[in-house]
Amino acid sequence: MLYESSKDYGQPRRIALVDCNNFYASCERVFKPAWNHLPVGVLSNNDGCIVARSNELKAAGIPMGAPYFKFKDQLENMGAIIVSSNYALYGDMSARVMDTLAQYTPDMEIYSIDEAWLDMTGFNTATLDEYARQIVSNVHQCTGIPVSMGIAPTKVLAKLANRLCKKRNIPGQVFNIGGAAHIEQLLKSFAVEEVWGIGRRWAEQLKTKHHIYTALDLYNADSHQMRSHYSVVMQRIILELQGVPCLFANDIKPKQQIIASRSFGTRITQKSEIIEAISTHLVRACQKLRAQNSMASGMTVSIRTAAFQPKEKYYGNRATTKFTVPTADTRHMIAAAIRAIDSIFKQGPRYAKAGVMLFDISSADTVQYDLFDEQVTPESNALMSVIDSINSRYGKKAIFFGSQGIDNKWAMKRDKMTQHFTTNWLEIPNV
DNA sequence: TCTGGGGTCCTAGGACCC
DNA sequence: TCTGGGGTCCTAGGACCC
């Protein structure tokens with residue numbers, strides 16, 4: 001289906017994308033004002049990759065997702081502040097930004113930790129830009145986080161408008177494509193891969209097979225024809241570029257799959273350590289599963305060695321378990337996971353990563369229990385919810401499963417973490 | 001020595017049904 | 001000698017996103 005809309009737009013649609021600038025780096029700066037004039041970078045888990053960069057680092061040509069060790073010297077030489085990722089902080093700051101935004105429109109969709117769509121259809125067009133600049137400046141004042149805003153009739157265009165804001169450093173950080181008198185001029189200044197939804201693969205195909213190099217070229221393409229070469233997804237992107245809305249708000253749906261995986265802080269070789277790690281990941285995954293009032297009937301356990309070590313022989317494997325009755329009981333999952341590990345663990349490889357995925361997820365309210373399976377009982381829900389509430393009140397590992405282990409040698413590396421400025425009483429900044 | 005983690009949607013093809 | 005047409009469900013894999 002090309003699109004599905006339940007909404008009647010009596011007036012020209014105006015959709016705004018609000019995006020926090022260099023979000024993680026900006027969060028770090030809020031509580032370290034001295035860093036405002038220094039290059040700041042944030043690392044991924046295990047301090048592996050650079051996943052957020054302040055403008056100074058972008059200007060210096062540090063690429064997104066670059067391995068830290070390859071740029072360490074360069075970063076040191078330029079006096080950059082490099083920190084481990086502090087998700088407790090970013091999550092809390094994100095909530096503050098979203099709460100502030102929510103005051104300005106009844107129709108908001110949180111799209112990611114640092115982005116939200118605001119539907120401004122029907123707002124007074126004469127004052128829309130001014131109103132938008134007010135939102136941007138108020139978010140900055142209330143949270144300390146700088147944001148940019150792109151406004152357009154469709155989401156794909158709003159994304160471009162937002163990009164333009166940052167690219168041209170538009171004063172007020174608002175760009176409204178609006179009726180788009182100069183839309184062609186505008187689209188011409190974007191490479192095709194800058195269009196939202198066009199990734200590396202498609203960009204390459206578009207260039208080599210169809211001589212489409214810019215957003216304008218794509219705008220001029222025949223959406224029907226392109227659908228036959230690619231898919232309905234491509235058709236929607238083209239139509240959206242042309243100003244025809246095809247993408248609408250997603251209702252907040254329960255996740256259809258839940259993944260919990262981590263690279264180890266150090267390589268591990270013992271099965272007992274794999275069991276500890278997998279158990280720990282499962283505890284997190286099951287907790288998320290229960291938090292959305294769901295159960296799962298499928299689980300995949302995976303382990304692997306390092307991906308980028310040409311001298312070492314790669315080994316990776318996975319095992320899938322199907323439960324006859326959907327479950328959210330961590331005990332059942334761990335028992336099954338240990339059997340799965342038995343089937344895929346090999347002695348010898350130096351493992352670098354392990355993970356679990358839960359799938360075939362359904363609502364806990366509609367589970368059909370098995371007459372003959374005594375393990376799965378409604379009582380298990382009661383036990384799990386007690387565990388969840390204890391941990392929510394007294395901290396993550398207040399109560400845990402023996403198989404998780406106590407002194408986890410494999411735990412991830414986060415050597416450069418800043419404080420939990422907003423989520424821990426002991427780490428609140430003193431003024 | 002050192003390279004993250006968590007998601008979604010779409011399509012093609014096989015198995016199976018009447 | 002000759003064997004239809006239409007449909008659903010499931011899975012793997014490919015593409016994309018932040």
Side-chain angles (χ1 to χ4, degrees), chain A residues 1-4 17 19-20 22-24 41-52 62-73 75 82 84-85 87 90-91 94 110-117 155-156 159 162-163 192-206 227-237 246-247 250-267 281 284-285 288-289 292 297-298 300 302 304-312 314 318 320 322 350 352-361 412-416:
Chain A
M1 193 182 297
L2 189 54
Y3 56 75
E4 207 173 337
L17 175 68
D19 183 318
C20 301
N22 314 329
F23 183 55
Y24 295 172
V42 180
L43 302 176
S44 64
N45 282 338
N46 273 315
D47 297 344
C49 300
I50 300 157
V51 292
I62 306 292
M64 171 66 179
Y68 175 48
F69 73 94
K70 284 190 182 169
F71 291 87
K72 201 171 171 182
D73 291 345
L75 291 165
I82 302 296
S84 303
S85 36
Y87 288 105
Y90 312 150
S94 171
I110 296 175
Y111 180 68
S112 73
I113 193 164
D114 71 332
E115 284 171 285
W117 303 101
K155 286 188 167 180
V156 168
K159 271 271 182 185
N162 189 288
R163 226 173 233 266
V192 72
E193 60 267 28
E194 290 184 271
V195 175
W196 188 44
I198 305 295
R200 232 185 45 234
R201 299 284 165 89
W202 278 4
E204 210 176 295
Q205 283 187 57
L206 284 168
R227 176 180 183 156
S228 66
H229 292 296
Y230 298 85
S231 73
V232 67
V233 176
M234 177 67 86
Q235 186 181 21
R236 288 186 194 128
I237 293 171
C246 301
L247 304 175
N250 291 322
D251 303 331
I252 297 163
K253 292 181 258 196
K255 303 269 183 247
Q256 297 172 50
Q257 52 178 242
I258 291 172
I259 297 172
S261 72
R262 287 276 182 279
S263 300
F264 305 128
T266 165
R267 306 292 195 80
H281 299 335
R284 260 199 315 137
K288 284 190 199 176
L289 185 68
Q292 64 169 31
S297 56
T300 296
S302 60
R304 67 163 174 80
T305 58
F308 300 94
Q309 298 298 314
K311 287 178 200 157
E312 219 172 303
Y314 179 81
R318 63 178 79 181
T320 293
K322 298 271 196 162
R350 298 165 61 232
K353 183 173 180 176
V356 296
M357 178 170 92
L358 306 181
F359 58 98
D360 281 357
I361 289 175
M412 74 173 158
K413 205 174 104 188
R414 290 198 291 187
D415 290 342
K416 305 162 180 293

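Residue numbers begin at 1 in each chain, while the letters A, B, ... track the order of the sequences.
- Under a 3.5 Å cut-off, the side chain of A:Asn46 and the backbone N or O of A:Lys413 do form a donor-acceptor pair.
- Mapped onto DNA chain B by nearest heavy atom, A:Ala66 and A:Arg284 fall at different nucleotides, with A:Ala66 at the one closer to the 5' end.
- Taking the C1' atoms as reference points, B:dC17 lies 14 Å from C:dG4, given to the whole Å.
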Pairing annotation in dot-bracket form, given for DNA chain C with Watson-Crick or G-U pairs under 3.5 Å and | for cross-strand partners
....||||||||||||||
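- Remark: A:Glu194 does not engage A:Lys159 in a salt bridge, criterion side-chain N to carboxylate O under 4.0 Å.
- In this structure, A:Lys353 reaches the B:dG5 phosphate: one of its side-chain N or O atoms is under 4.0 Å from OP1 or OP2.
- For A:Ser94 (side chain) and A:Ile113 (main-chain N/O), a donor-acceptor pair under 3.5 Å exists by modelled atom type.
- Side-chain proximity of A:Lys70 to B:dT3, B:dG4, B:dC9: nearest is B:dT3.
- Nearest heavy atoms, A:His281 versus A:Gly355: CD2-CA, 4.1 Å.
- Contact annotation for A:Lys72: no contact, since no heavy-atom pair falls under 4.0 Å across all strands.
- Side-chain contact between A:Pro67 and A:Phe308 is absent, with no heavy-atom pair separated by less than 4.5 Å.
- Put simply, CZ on A:Phe264 is 17 Å from C1' on B:dC2, counting in whole angstrom units.
- Using a 4.0 Å heavy-atom criterion, one finds that A:Arg267 contacts the sugar-phosphate atoms exclusively.
- Here B:dC10 presents its P atom at 18 Å from OH of A:Tyr230, a figure rounded to the nearest Å.
- Between A:Ser261 and the phosphate of B:dG6, there is a side-chain N or O to OP1/OP2 separation shorter than 4.0 Å.
- For the pair A:Gln256 CD and C:dC10 C1', the computed distance is 15 Å after rounding to whole Å.
- Looking only at distances, a side-chain donor or acceptor of A:Ser84 sits under 3.5 Å from a matching main-chain atom of A:Lys416.
- Taking every heavy atom of residues 305-312 of chain A and every atom of DNA chain C, no pair lies under 4.0 Å.
- Atom-to-atom, NZ of A:Lys253 to C1' of B:dG7 comes out at 12 Å; the value is rounded to the nearest Å.
- Among the nucleotides B:dG4, B:dC10, B:dG5, the one closest to any side-chain atom of A:Val51 is B:dG4.
- Put simply, CD1 on A:Ile110 is 16 Å from P on B:dG7, counting in whole angstrom units.
- Taking only side-chain atoms of A:Phe69, from C-beta outward, the nucleotide of B:dC2, B:dG7, B:dC9 with the closest atom is B:dC2.
- In terms of phosphate contacts, A:Arg227 brings no side-chain nitrogen or oxygen within less than 4.0 Å of OP1 or OP2 of B:dC10.
- In this structure, A:Val233 and A:Asn46 both approach DNA chain B, and ranking their closest nucleotides by distance from the 5' end singles out A:Asn46.
- Legend: residues meeting salt bridge (Lys or Arg N to Asp or Glu O under 4.0 Å) with A:Asp47, ordered by chain and number and at least two apart, are absent.
- Of the side-chain N and O atoms in A:Ser263, one or more sit less than 4.0 angstrom from OP1 or OP2 of B:dG5.
- A:Phe359 has its side chain out of reach of A:Lys255: every pair of non-hydrogen atoms, C-beta onward, lies at least 4.5 Å apart.
- For A:Tyr68, there are no ring-ring contact (aromatic ring centres under 6.0 Å, His included) partners, not counting sequence neighbours.
- B:dG7 atom C1' lies 14 Å from atom CG of A:Leu358, rounded to whole Å.
- With sequence neighbours excluded, the residues that form a ring-ring contact (aromatic ring centres under 6.0 Å, His included) with A:Tyr87 are A:Tyr24, A:Tyr90.
- The distance from atom NZ of A:Lys416 to atom P of B:dC2 is 17 Å, rounded to the nearest whole Å.
- No side-chain heavy atom of A:Ile82 sits under 4.5 Å from any side-chain heavy atom of A:Val42.
- Nearest heavy atom pair, residue A:Asn162 against residue A:Leu17, reads ND2-O, 3.0 Å.
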At under 4.0 Å between heavy atoms, which parts of nucleotides 11-18 of chain C does protein reach? Answer with one letter per nucleotide, 5' to 3': B base, S sugar-phosphate only, - none.
S---SSSS
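- Distance CD1 (A:Ile258) to P (B:dG7): 7 Å, rounded to an integer number of Å.
- Formation of a donor-acceptor pair under 3.5 Å by the A:Ser85 side chain with backbone atoms of A:Leu43 is found in this model.
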